[in-house]
Amino acid sequence: MIRSLLIANRGEIACRIIRTARSMGIRTVAVYSDADAKALHVRQADEAVHIGASPARESYLVGDKIIAAARATGAEAIHPGYGFLSENADFAQAVIDAGLIWVGPHPDSIRAMGLKDAAKARMIAAGVSVTPGYLGEDQSPDRLRAEVDAIGYPVLIKAVAGGGGKGMRRVDSAADFADALLSCQREAASSFGDDRVLIEKYILSPRHIEVQVFGDIQGNVVHLFERDCSLQRRHQKVIEEAPAPGMDEATRESICAAAVRAAKAVDYVGAGTIEFIADASEGLRADRIWFMEMNTRLQVEHPVTEEITGQDLVEWQLRVASGEPLPKRQDELAIDGWAMEARLYAEDPAKGFLPSTGTLEIFREHLDVRLETGVYEGAEITGFYDPMIAKIVVHEQTREGACEALARACASTDIYPVKTNAPFLWRALDDPDFRAGKIDTGFIATKGDALLPPAEPTEDMIKQAAAAVLVQEYYGEATILSFWDKDLLASRQNDPWRGALGFRLNAPDNLVVALNLEGKPHVTTLPRDWRYKQVVGEPVAAGVAVNDDGLSFLAAVSRTSGIATGTAADGAILSPMPGRIIAVAVAGGDAVAKGQNLVTLEAMKMEHSLTAPFDGTVAELNATEGGQVTEGALLVRIEKAAE
Ligand code: ADP
């Protein structure tokens, strides 16, 4: 068995590999760039070697530095993870030439599957059906057009050297073909240094089904069943599951057997994935599932396979790389239950999924689920690498149960101030069509705005935030566990608690506070079976970060009025949200009294009055009537009057 392992990667996959290696008694060596000096994988490894500047091409993509790091630390083997150098045959060869063990397939297997056209030709020879299309050498526009006419629109033009969803163009009619071809060739040349393309019939209602395969140097190959990765945004996987919904036993047997044939055709050793595309317009049928490509490495979504088979695929990789035979025979592998994974990304669904960077001031998952992550609370999300914060993985007995559990886990992820796709993920998981297994790769695009969270906090959320801040004031460390159900509040319209906000605190047990908006609390105890809506409040700076089903925002509350408006602690009146100034009631140098209105802000169709936190004078005034302000902008600063 390998005794020491260098992980040529970062983030969650580096941490994932370290975990298994450690459990097997293998010493681990991490490599890191400038930006990753404090990264989790560096903290977790037994040793870590700095390999260069933050951009990947100066660190994680420099094979020589990685091999030198392995030599310097006496590591016996290199695990490439996924991405970066994992499918680089020359690097694999260099590792082997340096006398190290490469935890992956033979470089020739990587090469055979590296180019989409050669891989497809090889699969045809092995009796695996491939998507109908054109794979030829002749790349002249006339020949390509003639082939497209024969295949019939719509077609997909793909870069032969493509990957990661790049270098693909769908073409629906002859009129668009020439332009699409040119732009695809341009992208292929600039991204992959190779402008050759192939043409495929564009599959309507396509589902992405892939089969996990594993080979050993003894020549055994098994499969570990299929995964469904149809839920994609712009050809990038978002939610993956195993097994595939609607897959019958005969179809499963047929595609898994094809996958094993495909792996054997390239003498495959280690973990690999055969990706298929299915025309699911009439359910999954064996004669409408075609080979798309092989990924010659561990996949991001391998945990769902681990969950349903009870196997540790990283352990399999390390055993196979050490020369051991596969840990299980095919007849010892079976599917148990249903597993689902969501990719939690640092991006803002409300703003076109723009990447969101910054410090993770809050990062907590409140449910007991498998969380694969490479970051921690307090860590930085930089713009240098993949924006994935974590993978959330659940395993239940049924698909319904898995959807439920994963939706709940996404909604109970607290992340602040970095924006995430968590509120988008649970909306997708809650969607009735998704629940019914009616999915294809166009699901997210078709559903459009229906899956998007509100761009800004709702009035309800602001009230809850106000309550959360007041609780911090009155009960110090207490955290709001839950809010009363709105319907229950409405039914109390005629009693003295009319208009009140009710919530339950973590301590003392079952304490309930009902609060009117003047901020005067009533205290009582909570009936055991109370229904509630979950909101978690955490103190941050002058306000609280409030999580409403995965959507986090900062609420800064004026302590004088008790309504979410501005922050007050040090006399700096910040705009609590983006909006427009509709009135300025003071001038620079004015003396003001505690509670006096300073500025009125219009935001989210409501007026918010920002008031003086204490007696003092207006030391700074940046608000002008009619002006637009961003969240957190300093509008007024009040200097405290001498006591
Ligand atoms: P990459 O190597 O860039 O990931 P793939 O060939 O694996 O590219 O395709 C990525 C995704 O594009 C697939 O998961 C699928 O959603 C879509 N796709 C690929 N080929 C076709 C096709 N012939 N018809 C329809 N969609 C396709």
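One-based numbering, in listed order, for ligands and for the atoms of each.
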Legend entry - Protein heavy-atom partner closest to atom 24 (N) of ligand 1 - residue, atom, separation in Å: Ile203 N, 2.9 Å
Legend entry - Ionic contact status for Lys120 with Asp117, cut-off 4.0 Å: no
Legend entry - Ring-face cation of Arg233 near Phe353 (centre distance under 6.0 Å, axis angle within 45°): yes
Inset, instruction - Give a yes or no answer on whether the side chain of Lys201 reaches the backbone of Gly152 with a donor-acceptor pair at less than 3.5 Å. - result: yes
Inset, instruction - Just need the protein heavy atom nearest to atom 6 (O) of ligand 1, so name the residue and atom and give the distance. - result: Lys158 NZ, 2.8 Å
Legend entry - Best match, Lys237, Gln232, Met294: closest heavy atom to atom 15 (C) of ligand 1: Gln232
Legend entry - Pair Asp142-Ser140, side-chain donor/acceptor within less than 3.5 Å: no
Legend entry - Phe192, Tyr202, Trp290, Phe276: member with heavy atom nearest to atom 25 (C) of ligand 1: Tyr202
Legend entry - Which residue and heavy atom of the protein sit nearest atom 3 (O) of ligand 1, plus the separation: Gly165 N, 2.5 Å
Legend entry - Identity and separation of the nearest protein heavy atom to atom 7 (O) of ligand 1: Glu293 OE2, 2.9 Å
Inset, instruction - Starting from atom 2 (O) of ligand 1, find the nearest protein heavy-atom neighbour and note its residue, name and distance. - result: Lys116 NZ, 2.6 Å
Would you list the atom pairs, donor with acceptor, under 3.5 Å between side chains in residues 236-247 and any protein atom, with sequence neighbours excluded?
from, atom 1, to, atom 2, distance (Å)
Lys237, NZ, Glu210, OE1, 3.1
Lys237, NZ, Glu275, OE2, 3.0
Lys237, NZ, Glu301, OE2, 2.9
Glu240, OE2, Arg343, NE, 2.8
Glu240, OE2, Arg343, NH2, 2.6
Glu241, OE1, Trp338, NE1, 2.9
Glu241, OE1, Arg399, NE, 2.7
Glu241, OE2, Arg399, NH2, 3.1

Legend entry - Heavy-atom nearest neighbour of atom 22 (C) of ligand 1 within options Asp440, Leu198, Val130, Ile277: Ile277
Legend entry - Atom indices of ligand 1, in the order listed, that fall short of 4.0 Å to a heavy atom of Lys201: 22 (C), 23 (N), 24 (N)
Inset, instruction - Compute the centroid of each ring, for Tyr202 and then for Tyr153, and state whether the two points are separated by less than 6.0 Å. - result: no
Inset, instruction - Using atom types as modelled and distance alone, determine if a side-chain donor or acceptor of Glu87 lies under 3.5 Å from a backbone N or O of Thr296. - result: yes
Legend entry - Shortest protein contact, atom 11 (C) of ligand 1 (heavy atom only): His235 ND1, 3.7 Å
Inset, instruction - Before signing off on this row, confirm whether Thr131 and ligand 1 have an N or O atom pair separated by under 3.5 Å. - result: no
